[in-house]
Amino acid sequence: MRKTLLFLMVFFSVACLSQNKQILYNFTAVPQSLMTNPGADVSYKFYFGVPLLSGISANVGSSGFSAYDLFADNGVDYNIKLRDVVHQSSRNDKLILNEQIELFNGGFKLGDWLENKGYVSFGMYQEFDFLMYMPKDITILALEGNSEYIGKSFNLGDLNLRTELLSVLHLGYHKNVTDKLILGARGKIYLSSFNATSTKNSGYIYTVPGTTNAFEQVISSNLQLKISGISEYIAEGYDGDAAADFRKKALFGGDLGLGFDLGLTYYPKKNIQFTASILDVGFVKHSRDVETFTYKGFYRYEGINPNFNGTDDPDGAYTQFRNAIQLDTIYNGYNTWRPIKINSSYQYSFNDSRGGEDCDCVTTESVYRNAVGAQLFVMTTPRAPLMALTGYYRRNVLDKLQMKATYTVDSFSYKNIGLGISSTIGKFNLYMMADNLLEYRDLSKAKSVSFQLGFNVIFEDSNKPF
């Protein structure tokens, strides 16, 4: 049982991929690009997504190892492979899992073809987030004990995680302020079904030769875990349908929060574009079914190393340990901040699809067949921000068929090649996107994989009176 728990701890500590949607960002042939920049240059008369199918995305990956490193049929004992993975990882290896499903989504232009009253978008989506850093010292201590690490200080602050399931109701507005500048904003209401946060931990465990006895062992613990919306489901005697209860909370209950997105698109020249956005500046106030578990205290022991399990209790050491470092439960509410995402891009477009004819109309990126650009992504985490740099090429293959190819460098991969396609047949729009395509040759060795797809109905804005 202990080995199973350790494996789960290690697996969920190092598999990761950030919430970077580099293919979707500024790919304005897809209405969902508004979700990555509320100031994106879209010009649909109106659109609506197919309910539950308009936007589906999932991300998984690894910054430290792949599934092959643990499960390869290479004759190496599993325990050895597990120890190798732990020792090769660092405390900054992390898991960021993200899954998102749009429940409904739509948008429409305000005013007729001559007016510029702006654009409204709205919708609701369900999102699951999970982030956990590798608790390297804690895992080594659990796997190997401290007998081979006399004098080493094991850092309890390695334990760092957060996870949440929530639904987001949003309403956005953007407007062409001038012929060159588009500004947009989106308000959000968060409905949190459950949350678990343990990000402010500290402490240490170390063992050194004692002055009068065999060993001196010191434990300083300052650990806490905050949870909301979970305790009733893990309580003894619960016999309800947890899945059904979570669905009800996601739509009609849970803890409330507020947030906003901001974005812009700017054209210093007709074929040069700059964009920027900041997403999920907001918080959730957790006040329902909340518990905070604390494990705090200081303990010093001199003598032969005991096993602190209640069966080996020389001189009452185990009793003293429990009295010195106690597990307490607090029922106060707490607030959590959403991970903030920042995007910016620079794009150069060429090959005017109008054939170079003179035109006094407002120029947008859609009149160019080709574009190249670069995008920067930054996301806040409890430690150092996550960053990614993407270069991309976009092409209007046909009037109703667009593609975007990307190459991304981040802390997970230096060979992340992605591809996105958007096709519109009549009013029906289909888009598909995937990155790390080179890893599909052997997914067991992949350190990151993600995909996005969706279906929309789009009514184009002809900019004509008839």
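Just so you know, these numbers use all the heavy atoms, side chains as well, and skip hydrogens, waters and symmetry mates. The first residue of the sequence shown is numbered 1, and numbering continues consecutively from there.
In this model, a donor atom of one side chain and an acceptor atom of the other lie less than 3.5 Å apart for S198 and N201. A side-chain donor from one of Q22 and D435 sits under 3.5 Å from a side-chain acceptor of the other. A donor atom on one side chain and an acceptor atom on the other are found under 3.5 Å apart for Q273 and Y267. A donor and an acceptor atom, one from each side chain of N160 and T199, are nowhere located under 3.5 Å apart. A donor atom on one side chain and an acceptor atom on the other are not found under 3.5 Å apart for E439 and N416. Looking only at atom types and distance, the side chain of Q100 has a donor-acceptor partner in the side chain of K21 under 3.5 Å away. For the residue pair T207 and N146, a side-chain donor N or O sits within less than 3.5 Å of a side-chain acceptor on the partner. Side-chain atoms of E99 and Q126 include a donor-acceptor pair closer than 3.5 Å.
With hydrogens and angles ignored, the 3.5 Å screen pairs no side-chain donor or acceptor of S228 with any backbone N or O of D289. Without hydrogens or angle criteria, N456 side chain to I458 main chain gives no donor-acceptor distance under 3.5 Å. Between the side chain of D255 and the backbone N or O of R288 there is at least one donor-acceptor pair closer than 3.5 Å. The closest donor-acceptor contact from the side chain of R83 to the backbone of Y78 lies at 3.5 Å or more, if one exists at all. For T380 (side chain) and I340 (main-chain N/O), a donor-acceptor pair under 3.5 Å exists by modelled atom type. Y407 places a side-chain N or O within 3.5 Å of a backbone atom of Y414 that can act as its donor or acceptor partner. With D84 contributing its side chain and H87 its backbone, the two residues share no donor-acceptor pair below 3.5 Å. At distances below 3.5 Å, at least one donor-acceptor pair connects side-chain atoms of T265 with backbone N or O atoms of G39. Judged purely by atom type and a 3.5 angstrom limit, T294 has no side-chain atom pairing as donor or acceptor with the backbone of K296.
For R300, the side chain to side chain donor-acceptor pair (under 3.5 Å) partners two or more places apart in sequence, or in a different chain, are E216. Partners of E291 according to the salt bridge (charged side-chain N to carboxylate O under 4.0 Å, His left out) rule, which considers only residues two or more places apart in sequence or in another chain, do not exist here. Taking Y266 as the reference, nothing meets the ring-ring contact (aromatic ring centres under 6.0 Å, His included) condition, with sequence neighbours excluded. With sequence neighbours excluded, the residues satisfying salt bridge (charged side-chain N to carboxylate O under 4.0 Å, His left out) with E164 are R338. Remark: Y47 engages Y44 in a ring-ring contact (aromatic ring centres under 6.0 Å, His included) (not counting sequence neighbours). The salt bridge (charged side-chain N to carboxylate O under 4.0 Å, His left out) search around K117 returns E115, not counting sequence neighbours. In this structure, Y173 has no ring-ring contact (aromatic ring centres under 6.0 Å, His included) partners at least two apart in sequence or on a different chain. Every residue two or more places apart in sequence or in another chain that forms a side chain to side chain donor-acceptor pair (under 3.5 Å) with T275 is listed here: Y25, S345. Considering only residues two or more places apart in sequence or on other chains, Y119 meets the side chain to side chain donor-acceptor pair (under 3.5 Å) condition with none of them. Residues passing the ring-ring contact (aromatic ring centres under 6.0 Å, His included) test with Y206 are Y204, sequence neighbours excluded. Scanning for side chain to side chain donor-acceptor pair (under 3.5 Å) contacts around K81 gives an empty result, with sequence neighbours left out.
The residues K188 and D261 are annotated as salt-bridged, a charged nitrogen and a carboxylate oxygen being separated by less than 4.0 angstrom.
Among all heavy-atom pairs drawn from A196 and L161, the shortest one is O-CD1, 4.1 Å. Of all the heavy atoms in S54 and Q32, the pair that sits closest is O-NE2, 3.2 Å. Among all heavy-atom pairs drawn from D158 and D137, the shortest one is OD2-N, 3.1 Å. Residue F455 comes nearest to L430 through the heavy atom pair CE2-CD1, 3.3 Å, listed as atom of the first residue, atom of the second, then distance. The two residues A185 and L262 make their nearest non-hydrogen contact at CB-CD2, 3.7 Å. In plain terms, the two heavy atoms of G151 and V208 that are nearest each other are CA-CG1, 4.0 Å.
A centroid separation of less than 6.0 Å is found between the aromatic rings of Y149 and F154.
Annotation: cation-pi geometry not satisfied between R394 and F27 (NZ/CZ under 6.0 angstrom from ring centroid, within 45° of ring axis). Geometric assessment of K94 against the ring of Y133 yields a negative cation-pi assignment under the 6.0 Å and 45° thresholds.
Between the CG atom in L165 and the OG atom in S192 there is a gap of 7.5 Å [rounded to 0.5 Å]. One distance of note links CG of D410 with OG1 of T408; it measures 6.5 Å at 0.5 Å rounding. Put simply, OG1 on T28 and NZ on K404 are 9.0 Å apart, with the number rounded to the nearest 0.5 Å. Note: S277 OG to K341 NZ = 10.5 Å, rounded to the nearest 0.5 Å. How far CZ of F130 is from CG of L97: 7.0 Å, rounded to the nearest 0.5 Å. Atom-to-atom distance recorded for N79:CG and L82:CG is 6.5 Å, nearest 0.5 angstrom.
Residue pairs satisfying the side chain to side chain donor-acceptor pair (under 3.5 Å) criterion with at least one member in residues 323-335, sequence neighbours excluded, are listed as follows: N195-Y334.
Within 6.0 Å of the CZ atom in R383, the count of heavy atoms belonging to other residues, nucleotides or ligands exceeds 12. Few gaps surround OH on Y440; more than 12 heavy atoms of other groups in view lie less than 6.0 Å from it.
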Test log, rule side chain to side chain contact (heavy atoms under 4.5 Å, CB included), inputs L143 and V86: CA-CA 10 Å; L143 278 173; V86 172; 4.0 Å; yes

Steps toward side chain to side chain contact (heavy atoms under 4.5 Å, CB included) verdict (Y125, L169): CA-CA 7 Å; Y125 62 88; L169 186 66; over 6 Å; no

- Task: Show your reasoning for whether side chain to side chain contact (heavy atoms under 4.5 Å, CB included) applies to L131 and T381.
- Result: CA-CA 8 Å; L131 180 148; T381 74; 4.0 Å; yes

| query | Should S167 and M124 be marked as a side chain to side chain contact (heavy atoms under 4.5 Å, CB included) after you check the CA-CA gap, both sets of side-chain angles, and the distance that decides it? | reply | CA-CA 7 Å; S167 296; M124 186 176 189; 3.7 Å; yes

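Of the residues V120, L34, N37, the one that meets the side-chain contact (heavy atoms from CB on, under 4.5 Å) test with H174 is L34. Applying the side-chain contact (heavy atoms from CB on, under 4.5 Å) test between L258 and each of I189, V281, V284 identifies I189 as the sole match.
Using a 30° and 60° split on the angle between ring planes, F194 and F128 fall in the tilted class, from 30° to 60°.
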